[in-house]
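The analysis underlying the following values was restricted to heavy atoms, covering all of them including side chains, and did not include hydrogens, waters or symmetry mates.
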Amino acid sequence: MKGKVNSVLAVILVAACLPPAILAQQDKKGANAALISSLKSARVIELNFIWDRNSPLLGLNPPFTIGLQTGHKQTSGMIPGGIAFAADMMFFSGQHGSPNIDALGHISDNMKLFGGAGAAASEGPAGLLTLGSEAYPKERFINRAVLLDVARFKNVDALAAGQEITAQDLEATAKAEGVEIQLGDSVLIRTGYGKFFEADRAKYAGLRPGPGEGAARWLASKKIFLAGDDQMSFEVVPEKGTIFPCHRILIADNGIYIVENLNLEELARALAESKVYEFALILNPPRIRGATGAAANAFAIIPQ
């Protein structure tokens, strides 16, 4: 025992004699190791669908196409050493992707963008001159998020086509989940319609449930950073159609990003099992100057 104590004392004495810079470096290495270990032991849940030429697409948006510009057969022998390559060409819109995120310059209200800039003066042939997808803040690549699982709260697999999610629905869901929406949060809303993205694309692209104007005002009042859900227009599309009040209120009036086409099914099951509805959301749209939106890679991190 005495030998062990002496060994511990020796370590303490050596540490005490180390220069502060070395001690600080060791502390940082330890902190980095702890962070990496924590992340590797966490559960990663993908929030993406696979996007292709047949993915459901809002009729207001341009079509998506992809093709090989060159293939391995064409490039074989071009470079010495046996290497060949394939290169694709895509016709891709900022409103393509699963999920996709709308840039703040995507929507105007009475020809004014968020912050008051004139919409017409803020665009050009090469794209938006301000508030394009490149303006997404890097500080929010990782953000606290909450899931409001409205479908589960209402005890259904999916909300009905054209069913409006109200402010009262969001409030009641948050209360039932025991979750608090904080300033700057990302708030994801599950309608259950994500299950139709691949299984029934006609249904997914038809009338769909989602937040209504009241829900958008409720979200804006919470001063959140981002709102997203699991269908292609974010907001409800009933039989009478929509004039997109959620986009106007959230993006143009309050500077809140909107994300569409999220895959929330696995996340919803995992959070329901743990009965904890907050998580780390990682979402990183590409830096494309002037883009009105972008396909994004999104995933959630929760404890195992």
Side-chain angles (χ1 to χ4, degrees), residues 45 47 99-109 113-116 131 133 135-153 159 164-191 193-194 209-236 244-264 267-268 271 276-285 293-294 296-302:
I45 299 178
L47 305 180
N100 72 284
I101 182 168
D102 289 337
L104 295 185
H106 175 51
I107 299 293
S108 62
D109 184 358
L113 301 180
F114 174 68
L131 299 180
S133 66
Y136 189 90
K138 67 178 186 294
E139 295 81 12
R140 301 291 188 172
F141 285 170
I142 304 174
N143 201 33
R144 179 183 185 268
V146 300
L147 176 70
L148 298 181
D149 193 342
V150 179
R152 187 176 297 273
F153 171 70
L159 300 180
E164 179 180 345
I165 295 173
T166 66
Q168 292 75 23
D169 290 331
L170 296 182
E171 187 77 55
T173 301
K175 183 177 180 180
E177 294 177 349
V179 70
E180 178 188 359
I181 295 175
Q182 300 175 7
L183 178 73
D185 274 353
S186 296
V187 177
L188 307 187
I189 300 166
R190 179 174 172 266
T191 70
Y193 246 55
E213 182 171 348
R217 295 194 184 282
W218 184 87
L219 290 167
S221 74
K222 301 294 183 181
K223 300 188 184 304
I224 62 173
F225 168 72
L226 175 152
D229 69 15
D230 54 352
Q231 51 102 314
M232 65 193 300
S233 60
F234 178 76
E235 51 196 293
V236 62
F244 297 95
C246 293
H247 279 69
R248 171 176 52 80
I249 291 166
L250 295 176
I251 295 177
D253 297 348
N254 289 279
I256 296 169
Y257 286 90
I258 284 180
V259 180
E260 298 149 341
N261 291 323
L262 282 158
N263 182 354
L264 300 178
L267 177 65
L271 297 185
V276 177
Y277 285 85
E278 60 186 52
F279 57 96
L281 174 65
I282 289 78
L283 191 148
N284 51 341
N297 180 44
F299 55 95
I301 293 182
I302 62 173

Mind checking the [atom1]-[atom2] spacing from [X] to [Y]? Nearest 0.5 Å is all I need.
X: L183; Y: R144; atom1: CG; atom2: CZ; answer: 11.0 Å
X: R217; Y: D253; atom1: CZ; atom2: CG; answer: 7.5 Å
X: L170; Y: F153; atom1: CG; atom2: CZ; answer: 10.5 Å
X: R248; Y: E213; atom1: CZ; atom2: CD; answer: 5.5 Å
X: F299; Y: N284; atom1: CZ; atom2: CG; answer: 7.0 Å
X: L262; Y: T191; atom1: CG; atom2: OG1; answer: 10.5 Å

Is there a donor-acceptor contact under 3.5 Å from the side chain of [X] to the main chain of [Y]?
X: E177; Y: D149; answer: yes
X: E235; Y: H247; answer: yes
X: R140; Y: S186; answer: no
X: N263; Y: G194; answer: no
X: D185; Y: I224; answer: no
X: N143; Y: L281; answer: no

[X] versus [Y], closest heavy-atom pair with distance:
X: P285; Y: I101; answer: CB-CG2, 3.8 Å
X: F114; Y: N254; answer: CE1-C, 3.4 Å
X: L250; Y: A216; answer: CD2-O, 3.6 Å
X: P211; Y: I189; answer: CG-CD1, 3.9 Å
X: A215; Y: T166; answer: CB-C, 3.9 Å
X: L267; Y: A300; answer: CD1-CB, 3.8 Å

Considering only heavy atoms from C-beta outward, does the side chain of [X] approach that of [Y] to under 4.5 Å?
X: I165; Y: L148; result: no
X: Y277; Y: T173; result: no
X: I256; Y: L219; result: no
X: F234; Y: I251; result: no

query = Please walk me through it: do L47 and V259 pass side-chain contact (heavy atoms from CB on, under 4.5 Å)?
reply = CA-CA 11 Å; L47 305 180; V259 180; over 6 Å; no
task = Could you give me the CA-CA distance, side-chain angles and deciding distance for E180 and E278, then say whether side-chain contact (heavy atoms from CB on, under 4.5 Å) is met?
result = CA-CA 9 Å; E180 178 188 359; E278 60 186 52; over 6 Å; no
query = Hey, are K175 and E171 close enough for a salt bridge, meaning a charged N less than 4.0 Å from a carboxylate O?
reply = no
request  = Scan side-chain atoms only and decide if Q231 and S233 contain a donor-acceptor pair under the 3.5 Å cut-off.
outcome  = yes
request  = Using the side-chain contact (heavy atoms from CB on, under 4.5 Å) rule, take D229 and I258 through it: C-alpha gap first, then chi angles, then the decisive distance, then the call.
outcome  = CA-CA 9 Å; D229 69 15; I258 284 180; over 6 Å; no
task = For side-chain contact (heavy atoms from CB on, under 4.5 Å), just list the numbers for E260 and D102, CA-CA rounded to whole Å, side-chain angles, deciding distance to a tenth of an Å, and then say yes or no.
result = CA-CA 8 Å; E260 298 149 341; D102 289 337; 3.6 Å; yes
inquiry  = Check the orientation of Y136 and Y257. Use parallel for under 30°, tilted for 30 to 60°, and perpendicular for over 60°.
reply    = perpendicular
key: Among V187, V146, V276, L271, side chain to side chain contact (heavy atoms under 4.5 Å, CB included) partner for V179   = V146
